[in-house]
Structures are given as C-alpha cells and as structure tokens.
Number of protein chains: 2
Amino acid sequence: MPKPSQTESQATPADSAAGTLKRKRTFAIGELAEMFEVTPRTIRFYEQEGLLSPERKGQRRIYHDKDRVRLKLTLRGKRLGFTLAEIREVVELYDAMPGGNTRQLHRMLEILAEKRADMEQRLEDIRLMQHELDDVETRCRAVLERLEP
Amino acid sequence: MPKPSQTESQATPADSAAGTLKRKRTFAIGELAEMFEVTPRTIRFYEQEGLLSPERKGQRRIYHDKDRVRLKLTLRGKRLGFTLAEIREVVELYDAMPGGNTRQLHRMLEILAEKRADMEQRLEDIRLMQHELDDVETRCRAVLERLEP
DNA sequence: TATTCCCTTTACGTTAACGTCAAGCATAAC
DNA sequence: GTTATGCTTGACGTTAACGTAAAGGGAATA
C-alpha cells in the first residue's frame, strides 16, 4: 500500500452560508481528484467500470455530492482490499434497492453478511498484526539497548 | 478478495507424543500449500521474491516450522493489503536484526511506526465500513418489510 | 519393470488497476 | 484574437501476483 494517507481534506465548509443551501456545490473532475489524492484518470476509470455516473454539461463531467460520497466509499472499499468488481456489485444492488425485487434484496443481505464476516476476519488479522508489531519492536529496542548507552 | 477464509487447519497435533519433540516436523511444498489453501506456485513465487528460503534436500524443498510461520505472516500481510515488496523489506530487516547495525534497527522502528499508523487507518476504515453495512442492511430490511408480509 | 505421484525448472500468459502519451475542444484570461 | 488552462476521448504501456503448460527427475508402489 503506497498511499495509506487519505482523509479527504475538509474543503471550505463555507457552503451553509445562511441556511440550508447545500444542493449547490458541484465539482470538476480535477477538484475531486485533488480532494482524494487520486488522478482524474482513476476517476474516469471508475466511471468506465460502472462505479460512477456523473452528470454531463456538454462534454464535461459534473460531480455532485452524491458522486463525491460514492467515490469516497469506493476508495475506502479499495483500501479494505475489495476489488472494483466487488464494489460495483454492491453499488448496483444499492442503486436498484428502492424499486428492487425480493430476490435482489435477499442477494443484497447475503452480500452484506459476507462483507460483515470479512470485516471480522480483517479485525482479527489487524489484532494479530499489531501484536506482531509490538513483539518485533520490543526485540528491536532490546538490541538497540545493548548497542547504545 | 476472492478467498477471505484461511485459518490454517490445525493439522494433527500428534507430534508432541511423549515430551517436547517438536523440532522434527517438516513439510513438502504440497503439504504447506494445502495447509494455507494456496498453490505450490504461490509458495515458489514467494521464495523467488525473497520471502522464503527453505532448505533443500537434493532438489526438493523442505519447509521447517520457521518457514511455515513466515508463510503465515506473509499471507496475513497480504490479506491486510501489503505488497510482497513491503513484506519483504520487513522480513529482510527482521533477519538482519540480531547482528544488525544501528541504522538498520532505527529503520526498522521507523517502518514499525508506519505499519502501526497504517493499522489504525485500517481499523477506522473497518469501523466506518461496518456502519455502512449496518445502514444498508437496515434500509434493505425496511424495503423487504414493505414487500413481504 | 512399469506406472503413479509429487516434485523440479523454464517460460510464456493473464488480470486488475491504473499510467502515459496524443490530439483535440472550449472557455477564461490576457 | 490568441494564449493558457483544464477538460475530453482514444489507445497503448505497465506492474504485481500469480496461472498454466511443457518437459523431465526420482522414489515408491503395483
């Protein structure tokens, strides 16, 4: 993992100036890219893979807050090691949810259960890894202790 | 993530028959592969990448418990999203630790700190993802409630 | 002795997730 | 008007992490 960082810089929350006029802010691809420290190419690629479908203004892509959130979730999924295909399956089902048929909904619950189990495994892996880190650090410091006064 | 499973089947602990004769058990590549549900090819590849260096008996590879542990840690690292290159760096430093010079040891501590921060980020990601899952499941069940009696 | 396994190396193939040009349009700034 | 900036669509390139097939060794079993 080359880039563990990523917290989506807060941006100026100067939108709620005098009330609840949120629905205005949109983003160009470059802005969004900078926000999440990815390249525009990455964002276009995600669209091509069916993970985003921004509005178009002529030729240009216009991203709304909904798109930003979806990108955020996508990147989080990636950091968790999911493939784009897996993420897309959830996304598609999610989009189809309101009018979804029973079978789709049950499929969704199925996937959710899988992901949940997955998260548990990951938590366990992290726990174990943290212990490993503690262990190695202890030994490491012990050796250093013997080398430095 | 295609294969979230993986708990390294306990194998028969029939080794400690009458005392502490542990140092005997070794494994062929096929055994090890089956244990961890990977292919022999994967294990050979890890060796080629400098993550394992099993003993040789003639042409055949012989894996000791130390190798098994290292493979286990490697696979865990992978599940956590580390690249083989990252894992190797740690492994190499770890091997060099006992006789390691001060610079290497400090580098090790540096890496450990990075990994630790990384684990924290992952924990946060998992926490958020779990909330997402809860959220989606709730909506999902709500829609189902309206469709089924 | 012949067959069956399991192993070996070599080497080319594959997939996901982008990177990296290239060529061109459009709007804002000068 | 023209220059600069940021966008657009191809299209080919790249990297990691193996998969897969070929050709063969050796020991154990039928």
Side-chain angles (χ1 to χ4, degrees), chain A residues 1-6 26-64 67-68 70-92, chain B residues 1-6 26-64 67-68 70-92:
Chain A
M1 246 123 219
K3 295 293 159 196
S5 71
Q6 197 279 354
T26 64
F27 317 88
I29 196 171
E31 298 177 282
L32 213 57
E34 193 173 0
M35 263 184 189
F36 291 98
E37 300 182 51
V38 297
T39 68
R41 167 63 172 135
T42 297
I43 297 180
R44 287 192 204 102
F45 182 71
Y46 289 173
E47 176 178 350
Q48 177 184 323
E49 295 298 297
L51 292 167
L52 298 171
S53 35
E55 189 194 333
R56 293 287 183 133
K57 192 136 196 168
Q59 187 164 235
R60 264 72 186 299
R61 293 171 173 84
I62 306 291
Y63 297 89
H64 294 251
D67 300 306
R68 185 188 58 82
R70 177 160 293 187
L71 177 56
K72 184 176 68 184
L73 294 179
T74 298
L75 292 173
R76 181 181 300 151
K78 278 233 61 190
R79 287 201 306 277
L80 288 172
F82 295 111
T83 66
L84 295 183
E86 289 176 301
I87 297 172
R88 181 183 46 209
E89 189 179 11
V90 176
V91 163
E92 283 176 353
Chain B
M1 239 113 226
K3 294 293 159 195
S5 71
Q6 198 279 355
T26 64
F27 317 90
I29 196 171
E31 296 177 282
L32 213 57
E34 194 173 358
M35 263 184 189
F36 291 99
E37 300 183 50
V38 299
T39 68
R41 167 62 171 139
T42 297
I43 297 181
R44 288 192 204 101
F45 182 72
Y46 289 173
E47 177 178 350
Q48 177 182 324
E49 294 299 297
L51 292 168
L52 298 171
S53 35
E55 190 194 333
R56 293 287 182 134
K57 192 136 196 166
Q59 185 163 235
R60 264 69 186 300
R61 293 171 173 85
I62 306 290
Y63 298 89
H64 293 250
D67 300 307
R68 186 189 57 82
R70 178 160 292 187
L71 176 56
K72 184 176 69 184
L73 295 179
T74 298
L75 292 173
R76 183 182 299 152
K78 279 233 60 190
R79 288 201 305 277
L80 289 171
F82 295 110
T83 67
L84 294 183
E86 289 175 302
I87 297 172
R88 181 182 47 210
E89 188 179 12
V90 177
V91 163
E92 283 175 352

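Please read these numbers as outputs of a predicted model, since none were measured by experiment. Letters A, B, ... mirror the listed sequences (proteins, then strands); counts begin at 1.
- The interatomic distance linking B:E34 (CD) with C:dC7 (C1') rounds to 15 Å, in whole Å.
- Atom CD in B:E47 sits about 12 Å away from atom P in C:dT10, given to the nearest Å.
- Taking atom CG on A:L32 and atom C1' on D:dG6, their separation rounds to 15 Å, with Å as the unit.
- Distance from the side chain of B:L84 is smallest for D:dA17 among the nucleotides D:dA17, C:dC18, D:dC7.
- Contact annotation: A:R61 side-chain N/O to D:dT9 OP1/OP2 distance is under 4.0 Å.
- Rounded to whole Å, the distance from CZ on A:F45 to P on D:dC12 is 17 Å.
- Spacing between atom CD1 of B:I43 and atom P of C:dT9 amounts to 13 Å, rounded to whole angstrom units.
- In this structure, B:T42 does not reach the D:dA17 phosphate: none of its side-chain N or O atoms is under 4.0 Å from OP1 or OP2.
- Side-chain nitrogen and oxygen atoms of A:K78 include none within less than 4.0 Å of the OP1 or OP2 phosphate oxygen of C:dA16.
- The shortest distance between side-chain heavy atoms of A:R70 and A:L51 does not fall below 4.5 Å.
- In this structure, A:T74 and A:I87 approach most closely via the heavy-atom pair O-CD1, 3.6 Å.
- Put simply, A:T39 has a side-chain N or O that comes within less than 4.0 Å of OP1 or OP2 on C:dG19.
- In this structure, the side chain of A:R88 engages the main chain of A:E49 through a donor-acceptor pair within 3.5 Å.
- The CD1 atom of B:I87 sits 14 Å away from the C1' atom of D:dC18 (whole-angstrom rounding).
- Residue A:R44 has its side chain nearest to D:dT8 when only D:dC18, C:dA17, D:dT8 are considered.
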TODO: Assess whether side-chain contact (heavy atoms from CB on, under 4.5 Å) is satisfied between A:E55 and A:R61, documenting all intermediate values.
DONE: CA-CA 6 Å; A:E55 189 194 333; A:R61 293 171 173 84; over 6 Å; no
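- Look at B:Y46 and you won't find any side-chain N or O under 4.0 angstrom from OP1 or OP2 of D:dA17.
- Nearest-nucleotide positions on DNA chain C for A:Q59 and A:R41 put A:R41 closer to the 5' end.
- Residue B:R60 places a side-chain atom within donor-acceptor reach of the base of C:dC6, judged by atom type and a 3.5 Å distance cut-off alone.
- When the P atom of D:dG26 is taken as reference, atom CD1 of B:I29 falls 18 Å away, rounded to whole Å.
- We find that CZ of B:F82 is positioned 17 Å from P of D:dA16, with the value rounded to whole Å.
- Note on B:R56: a side-chain N or O is less than 4.0 Å away from OP1 or OP2 of C:dT9.
- Across all non-hydrogen atoms, the minimal contact from B:I62 to B:P54 is O-CB, 3.5 Å.
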